[in-house]
Structures are given as C-alpha cells and as structure tokens.
Amino acid sequence: VTFNTVDLFAQDIVVGQSSFDELQLAYNNMAEDIIQTRNDVGVTFLANSGQILDIFDTTCPDSATANAVCQSVFASYEIEVQNDDRENRLVEYTSATQLAIRLERLQTELDEINSRAVLQIEEGTVPTRPPSAQPSAAPSNGGGGAIIGT
C-alpha cells in the first residue's frame, strides 16, 4: 500500500508519470536485490522484469499519515528456476518480497531514486495478486519461469 498527501489518485499514477516510474524502478531494484541476496543456486532474476501490474485506490490503514490518499499496488518480477521446484520457489519468493516490503526495503530503494518521492510505502498489499492475475510457471530455456506477484 502506498500513500501520498498531494491528492494523487490511482488514475493519476500511470506509465510515464514520475511517481509511477520511480515506484516501478524501486520495485525492480528491490526484486533484483532479493534474488542476489538469497543467492539460490538455479534461480536467476530476469533483468528489468519488475513491473507494476495494477494500482487501485483503497482505504488507508490507521497507520497512514492524516489526510493521505492510499493505493494498493500490485507488481511482479520474473525469475528463472533451473529445477522442478517452481511452485515452492514461487511461495518462497512471494514471502521474501512481502518481508522485504515490511522491512522497508522498497521504501529505501524509492528514497535512493528520489529522496523527495511523492509516494511513500505504507505496508505490503494483501492479497499479493490482483484477483485476475495468475502466476506463471512456464518452462523457459530449459528451466522454469515464475512471475512473483506482490
């Protein structure tokens, strides 16, 4: 969940708009860092695969700043898995991504891109995928691809 205090609504946060582009780059950087930090043999981050899938206006949690406008943001990134354990990897990396968001790693990435970013990260979004999105586990280059949604 993101929040802002400049009355920026989901319909305003689109590709090409600085807040969207900064958030997408921050998410991509965080996802790549998760993969590199875990250093799992047979798991590779597909470069620049982190992307924002959808943004919805939502009720702000009690912890949000007063007069904030909040959005649920759904994003994904792709990994290549070189073994048959794709479903377990999907669960592991979804959990690792949510944990990274709770530990403010996404906010840190966003601050590194723009220390005056309009959007601020409040908490992870639950459920982790928009209702219509399904993870992909299709084979790719002899391994399996997985889209990690958050």
Side-chain angles (χ1 to χ4, degrees), residues 1-40 43-81 85-138 144-150:
V1 174
T2 64
F3 76 91
N4 69 83
T5 57
V6 295
D7 291 333
L8 197 61
F9 294 91
Q11 67 194 29
D12 305 315
I13 307 169
V14 296
V15 174
Q17 191 268 343
S18 62
S19 292
F20 179 96
D21 294 344
E22 291 165 358
L23 182 60
Q24 183 160 276
L25 179 58
Y27 181 81
N28 186 77
N29 292 350
M30 180 196 70
E32 186 172 17
D33 186 57
I34 289 168
I35 305 305
Q36 289 175 349
T37 300
R38 290 178 62 102
N39 198 26
D40 285 343
V43 176
T44 306
F45 176 75
L46 298 179
N48 301 312
S49 65
Q51 62 181 330
I52 303 298
L53 301 174
D54 215 342
I55 301 175
F56 299 98
D57 290 321
T58 191
T59 302
C60 291
D62 293 339
S63 57
T65 302
N67 300 318
V69 176
C70 293
Q71 292 82 33
S72 289
V73 178
F74 296 93
S76 71
Y77 60 90
E78 295 182 50
I79 60 174
E80 185 173 58
V81 179
D85 200 19
R86 292 182 291 221
E87 291 302 317
N88 285 335
R89 294 294 185 181
L90 176 63
V91 171
E92 288 173 22
Y93 281 94
T94 298
S95 296
T97 302
Q98 287 296 304
L99 178 60
I101 293 168
R102 282 193 305 275
L103 295 175
E104 300 183 6
R105 287 174 61 186
L106 181 55
Q107 183 65 55
T108 299
E109 290 290 344
L110 188 57
D111 289 343
E112 287 178 10
I113 293 164
N114 180 356
S115 62
R116 299 173 67 159
V118 170
L119 296 179
Q120 299 295 305
I121 310 304
E122 182 63 23
E123 59 187 30
T125 299
V126 176
T128 59
R129 288 192 272 306
S132 62
Q134 294 298 318
S136 167
I147 298 175
I148 309 301
T150 61

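Only this structure's heavy atoms are used, side chains among them; waters, hydrogens and symmetry mates stay out.
Remark: Thr97 OG1 to Arg102 CZ distance equals 10.5 Å, nearest 0.5 Å. Distance check: Met30 CE to Thr108 OG1 gives 10.5 Å after rounding to the nearest 0.5 Å. Between the CZ atom of Phe45 and the OH atom of Tyr77 there is a distance of 8.0 Å, given to the nearest 0.5 Å. To the nearest 0.5 Å, atoms OG1 (Thr65) and CD (Gln120) are separated by 8.0 Å. If you take CG on Leu23 and CD1 on Ile121, they are separated by 5.0 Å, rounding to the nearest 0.5 Å. In this structure, the separation between OG on Ser72 and CG on Asp57 is 9.0 Å, given to the nearest 0.5 Å.
Asn48 is listed as a side-chain neighbour of Asn28, based on a closest heavy-atom distance under 4.5 Å. For the pair Asp111/Gln107, a side-chain contact is recorded, criterion being any heavy-atom separation below 4.5 Å from C-beta on. Side-chain contact between Tyr93 and Val81: absent, with no pair of heavy atoms (C-beta onward) separated by less than 4.5 Å. Looking at heavy atoms from C-beta onward, Glu112 lies out of side-chain contact with Asn29 at the 4.5 angstrom threshold. Side-chain contact between Arg89 and Asp40 is present, with heavy atoms from C-beta onward closer than 4.5 Å. The shortest side-chain heavy-atom distance between Arg105 and Leu99 does not fall under the 4.5 Å cut-off. With contacts defined as side-chain heavy-atom distances shorter than 4.5 Å, the pair Leu110/Asn114 does not qualify.
When the side-chain contact (heavy atoms from CB on, under 4.5 Å) test is applied to Gln24, the partners found at least two apart in sequence or on another chain are Phe20, Gln51, Ile52.
The aromatic rings of Phe74 and Phe56 sit perpendicular, their planes meeting at an angle over 60°, well past the 30° parallel limit.
Counting all heavy atoms, side chain and backbone alike, Asp21 lies closest to Gly16 at OD1-N, 3.1 Å. The two residues Val69 and Cys60 come nearest to each other via the heavy atoms C-SG, 3.9 Å. Here the closest non-hydrogen pair linking Ala10 and Gln71 is N-NE2, 3.9 Å. Considering every non-hydrogen atom in both Ala100 and Ile34, the closest pair reads CB-CD1, 3.8 Å. Taking all atoms of both residues into account, the shortest heavy-atom contact from Pro61 to Glu122 is CG-CG, 3.6 Å. Heavy atoms only, all atoms of each residue included: Ile113 and Glu22 are closest at CD1-O, 3.7 Å.
Within 6.0 Å of atom CD in Glu104, 12 or fewer heavy atoms from other residues, nucleotides or ligands are found, so the atom counts as exposed in its surroundings.
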